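Reviewing the structure listed below.
Each chain gets a letter, A, B and so on, in the order its sequence line appears, and its residues count up from 1. Quick caveat: nothing in here was measured; it's all calculated off a predicted structure.
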Amino acid sequence: MNHSNLYQKIYEIVADIPEGRVATYGQIAWMAGRPNAPRVVGYAMSRVPAGLNLPCHRVVNKSGKLAPYQVFGGEQFQRALLEKEGVTFLENGCIDLKKCQWSIYVPEEDME
DNA sequence: GGGCTGACGGTTG
DNA sequence: GCAACCGCCAGCC
């Protein structure tokens, strides 16, 4: 099994994140088959081709904090973008994971 | 082929 | 509750 397949899967998972929802690196790693490799996910994001147009801004850490990725133009830009998509932010600047954390099992009753 | 780094996570202090 | 350290896997020098 080629490692490139792992990257491809990571890209696929990130690209499958719906608007208004966010996913954690650990969750993506878990879905990609590497629950112990959250770093690899972050690294994959760092090396992701811009042509894929991946919504990497929807990927946050377990703390609900946005990655120190200033390449987007600033954390505020990223935050505003997510907020515009419907992501709920807390007063402390963290994302409300309990409401916006993406799951493959999307409960319709929880969706509004 | 070996060592360092990295957009993280969990545990311990 | 917050801060720091260790551990993890893959990529790059």
Under 3.5 Å: donor-acceptor pair, side chain of R58(A), backbone of I17(A): yes
Could you say whether Q27(A) or Y43(A) is positioned toward the 5' end of DNA chain B, judged by the nucleotide with the nearest heavy atom to each? Y43(A)
Return the nearest nucleotide to the side chain of K62(A); candidates are dG10(B), dG11(C), dA7(B). dG10(B)
Round to the nearest Å and state the distance from I28(A) atom CD1 to dA10(C) atom P. 16 Å
In whole angstroms, the gap separating C1' of dG9(B) from CG of L97(A) amounts to 13 Å
May I have the distance from K65(A) (atom NZ) to dG1(C) (atom C1'), rounded to whole angstrom? 15 Å
Record whether the side chain of Y25(A) comes under 3.5 Å of the base of dA7(B) through a donor-acceptor pair of N or O atoms. yes
Tell me if the CD atom of E12(A) is crowded by more than 12 foreign heavy atoms within 6.0 Å. no
Identify which nucleotide among dA7(B), dA10(C), dG9(B) has an atom closest to any side-chain atom of Y7(A), counting heavy atoms from C-beta outward. dA10(C)
Nearest-Å distance for atom pair CG/P, residues L82(A) and dA7(B): 19 Å
With the side chain of N61(A) defined as its heavy atoms from C-beta on, choose the nearest nucleotide among dA7(B), dC12(C), dG9(B). dG9(B)
Rounded to the nearest Å, what distance is computed from the CE atom of residue M45(A) to the P atom of nucleotide dT5(B)? 23 Å
From dA7(B), dC12(C), dG9(B), nucleotide with atom closest to R47(A) side chain: dC12(C)
Per-nucleotide protein contact along nucleotides 3-9 of chain C, 5' to 3', at a 4.0 Å heavy-atom cut-off (B base, S sugar-phosphate only, - neither), is ----BBB
Taking OH from Y11(A) and C1' from dA10(C), how many angstroms apart are they, rounded to a whole number? 11 Å
What pairs with D96(A) under side-chain hydrogen bond (donor to acceptor under 3.5 Å, both in side chains), at least two apart in sequence or on another chain? K98(A)
